[in-house]
Amino acid sequence: MDVLGYLRLVRRHWWIVLVTVMLALGTAALVTVRTAPRYEASVTFFVTTPSQGVTDAYQGSLFLQQRVKSYGDLLTSDRLAQSVVADAPLGLTADQVRSRIRTASTTGTVLLKATITDTDQTRALKTTETLATKFTELVRKVETPPDGNAPPIKIEVVSGPRVTSSPVSPQPTRNLVMGGVLGLLLGAALAVLRGLADVRMRDGAALQRVTGSPLLGEIPYENGAKAAPLIVGAAATSARAEAVRKLRTNLRFVDVHEPARVIAVTSALQGEGKTTMACNTAIALAEAGWRVLLIDADLRRPKVADYLGLDGGVGLTDVLVGDVQVGDVVQRWGEKSLLVLPSGATPPNPSELLGSKSMADLLVALRDSADIVVIDTAPLLAVTDGVVVAVQADGALLVTQQGRTSRSQVAAAANALSSVSVRLLGCVLNMAKVAKSDAYQYEAYKVVVPPAAPSVPADRSGSRRGAKAVGGDRTQELTRLSR
């Protein structure tokens, strides 16, 4: 994955970054509030030695630079700490004094700096003053030769002791900035890990890669789609309806040399919107002037008749068992050139019935009765019904809901089709999140039409009256449409 891919993962899981930053800022603020203020007192020593001439001065400088390193260790020695505690009652032990001392020396110089940090400003200054006195005395004792001559090294205080007027820690601004930066980095890392660990289908590009088929459409999510799933009435001018029309165009030109006239619409799992997609695709094709026949071949949980407001008590099942003729149960929907064959009664053996010779013969007959036949089938991973129907169609359209189905489930569904040599026409990402800019572009360019009378029958009885108005003999109606 490239850098843009990682950035997209961070953007997709922005809430993880936000929560992590807020937690980091809260932690930094809590630590800042609960940390006792600390003050620093410092003193700087200058180490020198008597010298004569340039050569002696140069050799003495090298000697002192080496000596300064040893004096740094001497400042934090137990002997010096014990002498400081013994000289002044500071309320600290020798170990506590030693732990508060920090030394520093600049390379190439003979300056040695000692810094003492304490929560008590007065104690820090007093400890530093005592340290400066005792350190000077200790160096004099250590460097005095046995014969009692003057020591070859002299230490003088050239700066301090002085203590800071304000605490050196905690520093609220620095702590909050560091907390925010660390939280941002940690949040971005967690967002990337969350994205890499997320196996659900999140975008059309991933769906196209997993299925190995073209992405024919991305249907945007709409809040009112559940209450009004069909792209009719007010929904006919929505962004969802326009996306279905784009799907219609792509579906018709996915293979101009071998166009699919019988299309099986399926999905990997239940509840991904395949039935709604089948209905809306059939409606969109009928709006373009095609003679469309919509078949509900999901015999286990049929929904087409409910969505379209038709009577689904008699339909495909009854035709396959030979109880009725197909022309007697096909119903016209609305004022468009759309015929619907409901599922009918629920059979005890749906897979066997859909894979029977009767079903194959029926599809051959219906192929000549309409320009396009759209078949709603069962989910592929639940039962084998969808594969059985797809084998007899010219191709299959795989519908996947964004953020619900995993990549492995989509791959398994695609493999189920390819294993029986079903032609996968393409895939559709349903309930997709569309960028606000894209939604704005459509809203600014869509055609606003005046309200008209609804084309969908008001009730089931009206649907049946509309069906009877076509004619009593459904076989004759299918024969007339094929001409």
Does the pair [X]/[Y] count as a salt bridge with the N-to-O cut at 4.0 Å?
| X | Y | value |
| --- | --- | --- |
| R423 | D394 | no |
| K126 | E129 | no |
| D203 | R8 | no |

Nearest 0.5 Å, what's the [atom1]-[atom2] distance between [X] and [Y]?
| X | Y | atom1 | atom2 | value |
| --- | --- | --- | --- | --- |
| T317 | L299 | OG1 | CG | 4.5 Å |
| Y307 | I283 | OH | CD1 | 12.0 Å |
| N280 | T276 | CG | OG1 | 6.5 Å |
| L247 | L285 | CG | CG | 8.0 Å |
| L190 | L9 | CG | CG | 12.5 Å |
| I372 | L294 | CD1 | CG | 12.0 Å |

Checking the side chain of [X] only, and the main-chain atoms of [Y] only, is there a donor and an acceptor separated by less than 3.5 Å?
| X | Y | result |
| --- | --- | --- |
| S238 | A241 | yes |
| T249 | R245 | yes |
| S419 | A416 | yes |
| T103 | A114 | no |
| T266 | A378 | yes |
| E218 | L429 | no |
| R248 | A286 | no |
| Q392 | L354 | yes |
| K274 | D376 | no |
| W333 | L308 | yes |

Determine whether the side chains of R162 and S159 contain a donor N or O and an acceptor N or O closer than 3.5 Å. yes
List the steps and the verdict of side chain to side chain contact (heavy atoms under 4.5 Å, CB included) for L363 and I295. CA-CA 10 Å; L363 290 180; I295 302 176; 4.2 Å; yes
Quick one, V84 and L92 - any side-chain contact, counting heavy atoms below 4.5 Å? no
As a test of understanding, state which of L186, L184, L185 forms a side-chain contact (heavy atoms from CB on, under 4.5 Å) with V17. L184
Working for side chain to side chain contact (heavy atoms under 4.5 Å, CB included), residues D296 and L316: CA-CA 7 Å; D296 190 355; L316 177 61; over 6 Å; no
For the pair Q402 and M201, evaluate side chain to side chain contact (heavy atoms under 4.5 Å, CB included) and give the outcome as yes or no after the intermediate values. CA-CA 6 Å; Q402 182 180 22; M201 197 60 61; over 6 Å; no
For a side chain to side chain contact (heavy atoms under 4.5 Å, CB included) check, start with the C-alpha distance between V31 and N175, then their side-chain angles and the critical distance, and finish with the verdict. CA-CA 9 Å; V31 171; N175 293 348; 5.6 Å; no
So is R252 actually on top of W290's ring, under 6.0 Å and inside 45° of the axis?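 Judged by the rule (NZ or CZ under 6.0 Å from the ring centre, within 45° of its axis), R252 counts as positioned above W290.
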Does the side chain to side chain donor-acceptor pair (under 3.5 Å) test come out yes or no for D298 and T377, once each step is laid out? CA-CA 5 Å; D298 188 351; T377 67; over 6 Å; no
